[in-house]
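Worksheet: one structure, shown below.
In what follows, chains are A, B, ... by sequence order, proteins preceding strands, each numbered from 1. These values consider heavy atoms only, across backbone and side chains, with no hydrogens, waters or symmetry-generated copies.
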Protein chains: 2
Amino acid sequence: MGGRGFTPRLDFTSTRPIYLQIVDEVRRAIARGELRPGDRLPSQRDLAVQARVNPNTVQRAYREMELLNMTETVRGEGTFVAQNPVLIRSLRAEMAQEALQQFLQEMRALGFDGSEIRALVDQALTGDGGGGASRG
Amino acid sequence: MGGRGFTPRLDFTSTRPIYLQIVDEVRRAIARGELRPGDRLPSQRDLAVQARVNPNTVQRAYREMELLNMTETVRGEGTFVAQNPVLIRSLRAEMAQEALQQFLQEMRALGFDGSEIRALVDQALTGDGGGGASRG
DNA sequence: TCTGGTGTACTAGTATCATAGTGCACTCGA
DNA sequence: TCGAGTGCACTATGATACTAGTACACCAGA
């Protein structure tokens, strides 16, 4: 063991291509600190088996991440998370802002104003047991 | 300006199929109350011209909405928003919950807890001049 | 009846996504 | 040297999305 490494959760019913979902999951793992610079990703073949997808799909995802400077690959050795401390550091905040803006845009498209949005978020976080507020 | 009717905003760079984006936009318009039961949608040809897409793509979107009971079509007359007051009434809340849950899921995947999420939402709504919420 | 607008159906082609399978170059360790 | 594991390249197939173009059926109004 110790070889668990990383396994993306994929949604095969989504309209988003699988190879992009893999990229997204790796990006989240990096943002979360779960994958750190220098860490080795599973081999293309291994990940293909774990995620139940074709090796070619994983290959495409890895190629994409290489182009995005998320990873660095060494032929014959493997694929590693890029050494980009600054980039990594801002990644989490950037992705959060992205999610936030998308959420706000959708809510406003539905005609909700700021106070309503705030109330709904608050309600969801309270009722959902969010924020570590263990509520009796 | 009675002929303006309805024009969806489409993102041609998205991985989401255009015909589904059209469906989404109509659903939002209904949820917002902008399109009400009985209202007539633009003809397939007109919408195709307005949205700069192929008539067949619009046709597919309209077929999809028909299957989802969002609309009712009369051959030779046009396509109309379905007469489903109950369905319509809950639509807005449902879509809001959907957006909210998706947002929270993404934020938690990034490792944010409830209080952090709340703070970010609050900050965005305040700094953004959001919702006409005069703070105080 | 004719005309124009409507929804609908059909064929065809292109591009993308995912799968399937094969082969090759490289690195490492025995 | 050899073998195992790695990334990488290539061809082929099928499904889906989108485009392109055409044709037909229905309805309303002149």
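Nucleotide dC18(D) holds its P atom 10 Å from the CZ atom of Arg16(B), rounded to whole Å. Taking atom CZ of Arg75(A) as the reference point, atom C1' of dA9(D) lies 9 Å away to the nearest angstrom. A straight line from CD of Glu72(A) to P of dC8(D) spans 12 Å, rounded to a whole angstrom. Atom pair Tyr62(A):OH and dG7(D):P shows a separation of 7 Å (rounding to whole Å applied). The distance from atom CD of Gln44(B) to atom C1' of dT19(D) is 15 Å, rounded to the nearest whole Å. The separation between Asp46(A) atom CG and dG7(D) atom P is 9 Å, rounded to whole Å. For the pair Glu64(A) CD and dC17(C) C1', the interatomic distance rounds to 13 Å; values are reported in whole Å. Regarding Ile22(B), its CD1 atom lies at a distance of 11 Å from the C1' atom of dC18(D), rounded to whole Å.
Within 4.0 Å (heavy atoms only), Arg40(A) reaches sugar-phosphate atoms of the nucleic acid but no base atom. Using a 4.0 Å heavy-atom criterion, one finds that Glu77(B) contacts the sugar-phosphate atoms exclusively. Nucleic acid contact for Thr57(A): base, since at least one base atom lies under 4.0 Å from a heavy atom of the residue.
Residue order along DNA chain C, read from the 5' end via each residue's closest nucleotide, puts Ile18(A) first among Val74(A) and Ile18(A).
Side-chain atoms of Asn56(A) come within donor-acceptor range of the base of dC10(D), with a qualifying N/O pair under 3.5 Å. For dA9(C), the base has a donor-acceptor partner in the side chain of Gln59(B) [N/O atoms by modelled type, under 3.5 angstrom].
For dG7(D), the OP1/OP2 oxygens have a side-chain nitrogen or oxygen of Thr79(A) closer than 4.0 Å. At the phosphate of dC8(D), OP1 or OP2 sits under 4.0 Å from a side-chain N or O atom of Thr73(A). The shortest distance between the side-chain N/O atoms of Arg45(A) and the OP1/OP2 oxygens of dT6(D) is not below 4.0 Å.
Closest contact between the side chain of Pro17(B) and the listed nucleotides dT6(C), dA17(D), dT19(C) involves dA17(D). With distances taken from any side-chain atom of Tyr19(A) to the nucleotides dC26(C), dT6(C), dC17(C), the minimum falls on dC17(C).
Between Arg28(B) and Glu106(A), at least one side-chain nitrogen of the basic residue sits less than 4.0 Å from a carboxylate oxygen of the acidic one, meeting the salt-bridge criterion. Electrostatic pairing of Arg63(B) and Glu66(B) does not count as a salt bridge here, judged by no charged N lying under 4.0 Å from a carboxylate O.
With sequence neighbours left out, the ring pair (Phe, Tyr, Trp, His ring centres under 6.0 Å) criterion links Phe112(B) to no other residue.
Within a 6.0 Å radius of CD in Gln105(B), no more than 12 heavy atoms belonging to other residues, nucleotides or ligands are found.
For the atom pair CG (Leu10(B)) and CZ (Arg16(B)), the distance works out to 12.0 Å, reported to the nearest 0.5 Å.
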